[in-house]
Trainee: 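Quick one: the structure is below, and I'll ask about it shortly.
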Amino acid sequence: FVISGFFTAMLWKKFGLKKLLKHRIRRILVPLLLGLITVIPLQNWIIGLALEKTFKYKREMGATRNPESNIWIDAKLGNLNGIDRRLTKGVDINALDRKLGITPLCWASSSGQIEAVQFMIQKNAEVNRKNSDGGTPLHCAAIFGRIQLADLLIKNGADVNVRTNKGLTAIDAAQLDMRTTLFVAGILDIELDVQKMKENKQSTIEMLEKQGAKLTKARPIQKGGQTKKKLDNLWVGLMYTPVLHHLWFLWHLIWLLLVFILMILFIQWLPSLKCPEWLVLSSGRYLLLVPLTMILQSFMGSGGKVPSFGPDLSAGILPIPHVLGFYALFFGFGMIYHVCDDFDGRISKGWWVTLLVGLFVIFPSGLATTFQLDSNSKINSFFSVLFQATYPWMMIFGLMGMFRKFFSNTSKKIRYLSDSSYWLYLMHLPLIILGQIIIREWEFPATLKFLLICTVITAFLLLIYQKLVRYTWLGALLNGRRNLKFNPKID
């Protein structure tokens with residue numbers, strides 16, 4: 001986004017608004033629209049194939065497993081005889097499993113095993129026993145829209161307003177977006193009927209609301225008329241339904257371009273803006289950039305309630321405001337940096353120190369304060385946001401210096417890779433997922449599989465780029481026309 005802001009300002013200065021707009025439509029908007037009718041449907045189909053094969057694989061593996069291996073698997077599979085035998089041997093029915101810190105009752109609630117839940121309640125399982133994350137069986141049932149289980153738990157004394165370590169109630173869990181819900185299901189190896197779950201989630205929310213459940217997240221349940229509810233659901237759906245997937249950044253760039261054009265049209269002094277050296281070229285820039293980034297970073301992860309490192313994903317038709325604002329800050333900095341004509345690279349002075357501190361001090365400190373320490377501590381939350389806001393700026397300035405130092409000379413190979421990178425990014429994700437499907441059962445270490453997929457997919461896409469993209473209308477659309485006759489080997 002810094003680079004895009006820089007070149008947006010450069011194109012405007014060189015060609016004017018009209019040609020800038022035409023250029024960005026051709027390079028950004030048209031590829032995005034083409035991707036929405038080609039790459040994204042392909043990716044959705046491959047993801048569906050991956051999920052189908054995953055569930056089939058788990059069913060096959062489940063048939064060969066010993067269902068009595070522990071009480072948590074028994075609860076997850078609804079194996080009442082196995083649960084009973086474990087209890088007879090003295091196993092604690094309220095114990096947390098070592099891997100995920102979840103009670104047997106929560107496992108059964110997550111996987112929809114209503115008979116197992118009834119059985120364990122009769123065996124004195126605690127309905128309000130907390131998992132390691134502070135969640136209860138009611139949270140586990142609510143997140144997947146298990147309305148019958150939620151009702152059963154409540155009738156047996158489940159507290160509808162008990163909170164997790166992040167301050168979330170069961171109704172908050174029920175309102176988690178579909179992407180997060182499916183992510184949690186993947187962690188727990190739980191097979192879901194997605195359409196049925198969507199319907200049941202709303203019913204679960206309404207049932208919990210009637211039981212006096214309170215919402216703590218930022219998106220309140222509407223209590224007005226049906227029209228207001230529908231408008232609110234439409235608004236939330238447009239923002240949180242992941243339509244764009246990995247092409248979201250192109251859509252954000254279009255929004256930022258429109259903001260830029262409006263600024264040029266209505267802010268008369270902008271064309272004569274002088275370089276604010278203290279803000280851009282001196283180390284004093286951190287004193288303003290980091291606090292501004294902290295403000296926007298503090299909204300990420302539902303305002304810090306859900307642990308996450310870095311900015312939220314915004315892949316909906318309407319950008320999430322604080323996410324768009326976050327990237328607008330970097331885009332705006334790139335615009336201002338263009339004004340400074342920093343031919344000597346003052347911005348990246350001491351780049352190696354910046355890079356080392358960013359990688360080996362700020363980054364691990366950010367991870368530690370975000371995921372490992374007491375999440376309820378206000379001091380800890382402050383430092384988590386501080387490190388997360390500092391890290392991207394240090395990496396940006398450090399990498400700018402590193403590339404200025406080692407890659408400043410003209411290189412046809414680097415230029416070639418640079419040109420191809422747009423094509424590789426647009427096309428890589430469906431093929432990466434497909435590659436994982438193909439080699440998932442190979443008896444190789446995961447690291448070797450990772451390297452193999454990255455190498456093969458990159459080589460394949462470079463080959464396609466050279467043979468079918470670079471010198472065609474598609475290559476001209478992405479990067480401008482390349483002359484095959486001028487330099488057939490590399491250009």
Side-chain angles (χ1 to χ4, degrees), residues 1-10 249 252-253 256 259-260 263 270 273-301 303-304 307-312 321-373 377-408:
F1 281 89
V2 170
I3 291 172
S4 184
F6 181 93
F7 282 105
T8 296
M10 185 192 75
F249 81 100
H252 279 55
L253 289 177
L256 294 175
V259 173
F260 175 82
M263 290 173 60
L270 193 61
L273 177 67
K274 302 298 182 183
C275 176
E277 293 191 7
W278 67 273
L279 173 61
V280 179
L281 302 181
S282 76
S283 298
R285 60 180 175 265
Y286 290 106
L287 298 178
L288 181 61
L289 293 176
V290 171
L292 288 176
T293 310
M294 286 180 68
I295 294 173
L296 294 161
Q297 180 64 48
S298 66
F299 288 96
M300 307 299 175
S308 60
F309 188 88
D312 293 339
H322 65 268
V323 178
L324 182 63
F326 181 90
Y327 290 111
L329 187 59
F330 292 85
F331 184 89
F333 181 85
M335 289 167 43
I336 298 174
Y337 180 55
H338 175 265
V339 178
C340 293
D341 295 328
D342 182 27
F343 299 110
D344 298 327
R346 289 175 57 190
I347 194 173
S348 51
K349 185 179 179 181
W351 62 269
W352 62 274
V353 176
T354 304
L355 204 57
L356 289 176
V357 172
L359 275 175
F360 299 109
V361 178
I362 302 300
F363 178 61
S365 298
L367 290 178
T369 51
T370 302
F371 296 107
Q372 297 178 12
L373 302 181
S377 168
K378 291 184 178 180
I379 295 177
N380 184 69
S381 297
F382 170 82
F383 280 104
S384 172
V385 173
L386 173 63
F387 292 135
Q388 291 186 70
T390 305
Y391 176 66
W393 290 113
M394 296 192 76
M395 292 302 296
I396 287 168
F397 301 136
L399 288 170
M400 287 172 70
M402 186 184 77
F403 274 82
R404 182 182 289 271
K405 175 71 174 178
F406 296 106
F407 299 98
S408 59

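This structure is a prediction, so every number in the text was calculated from the model and none was measured.
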Trainee: Between F326 and F330, what is the ring plane arrangement, given parallel below 30°, perpendicular above 60°, and tilted in between?
Mentor: tilted
Trainee: Pairs in or reaching into residues 393-408: which pass salt bridge (Lys or Arg N to Asp or Glu O under 4.0 Å), with residues at least two apart or in two chains?
Mentor: none
Trainee: Could you list all the salt bridge (Lys or Arg N to Asp or Glu O under 4.0 Å) pairs where at least one residue sits in residues 380-399, not counting sequence neighbours?
Mentor: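 Qualifying pairs: none.
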Trainee: Restricting to side chain to side chain donor-acceptor pair (under 3.5 Å), what partner residues turn up for W351, sequence neighbours left out?
Mentor: none
Trainee: Could you tell me which residues satisfy side chain to side chain donor-acceptor pair (under 3.5 Å) with T8, sequence neighbours excluded, listed by chain and number?
Mentor: R24
Trainee: Can you tell me how far the CG atom of L367 sits from the CD atom of Q388, to the nearest 0.5 Å?
Mentor: 8.5 Å
Trainee: Do F1 and L256 have side chains that approach each other closer than 4.5 Å (heavy atoms only, starting at C-beta)?
Mentor: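 Sidechains of L256 and F1: in contact.
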Trainee: Cut-off 3.5 Å, no hydrogens considered: what does the side-chain donor-acceptor table look like for residues 355-366, sequence neighbours left out?
Mentor:
| residue | atom | partner | partner atom | Å |
| --- | --- | --- | --- | --- |
| S365 | OG | V361 | O | 2.6 |

Trainee: Would a 4.5 Å heavy-atom cut-off, applied to side chains only, mark F387 and Y391 as touching?
Mentor: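 SC-SC contact between F387 and Y391 ruled out.
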Trainee: When rounded to the nearest 0.5 angstrom, what is the spacing between CE in M402 and OG in S348?
Mentor: 11.5 Å
Trainee: Any non-hydrogen side-chain atom of F6 less than 4.5 Å from a side-chain atom of V2?
Mentor: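 A side-chain contact is absent here, since even the closest heavy-atom pair is not under 4.5 Å.
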Trainee: Does L288 CG have over 12 foreign heavy atoms under 6.0 Å away?
Mentor: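 Yes - once you tally the heavy atoms of other residues, nucleotides and ligands closer than 6.0 Å, there are more than 12.
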Trainee: Hey, what do you get for CZ (F331) to CG (L324), rounding to the nearest 0.5 Å?
Mentor: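 Between F331 CZ and L324 CG, I get 10.5 Å after rounding to 0.5 Å.
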Trainee: List the steps, then state whether side-chain contact (heavy atoms from CB on, under 4.5 Å) holds for F333 with L329.
Mentor: CA-CA 6 Å; F333 181 85; L329 187 59; over 6 Å; no
Trainee: Could you check if a side-chain atom of F249 sits within less than 4.5 angstrom of a side-chain atom of L253, using non-hydrogen atoms only?
Mentor: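 Sidechains of L253 and F249: in contact.
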Trainee: State which residue, out of V290, L399, T354, V353, fulfils the side chain to side chain contact (heavy atoms under 4.5 Å, CB included) condition with M394.
Mentor: T354
Trainee: Rounded at 0.5 Å granularity, tell me how far CG in L386 sits from CE in M294.
Mentor: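 L386 CG to M294 CE: 5.0 Å, rounded to 0.5 Å.
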Trainee: So which heavy atom on C275 is nearest to which on L281, and how close?
Mentor: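 In this case the closest contact between C275 and L281 is SG-CD1, 4.4 Å.
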Trainee: F397 versus L289: any side-chain heavy-atom pair under 4.5 Å?
Mentor: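 They are in side-chain contact.
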Trainee: Above 12 or not: heavy atoms from other molecules or residues under 6.0 Å from OH of Y286?
Mentor: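 Counting neighbours around OH of Y286, more than 12 heavy atoms of other residues, nucleotides or ligands fall under 6.0 Å, so yes.
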Trainee: Could I get the full list of side chain to side chain donor-acceptor pair (under 3.5 Å) partners for Y337, not counting sequence neighbours?
Mentor: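 Listed in chain order: D342.
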Trainee: Taking all atoms of both residues into account, what is the closest heavy-atom pair of H322 and L296, and its distance?
Mentor: O-CD2, 3.9 Å
Trainee: Rounded to the nearest 0.5 Å, how far apart are OG of S282 and CD of E277?
Mentor: 8.5 Å
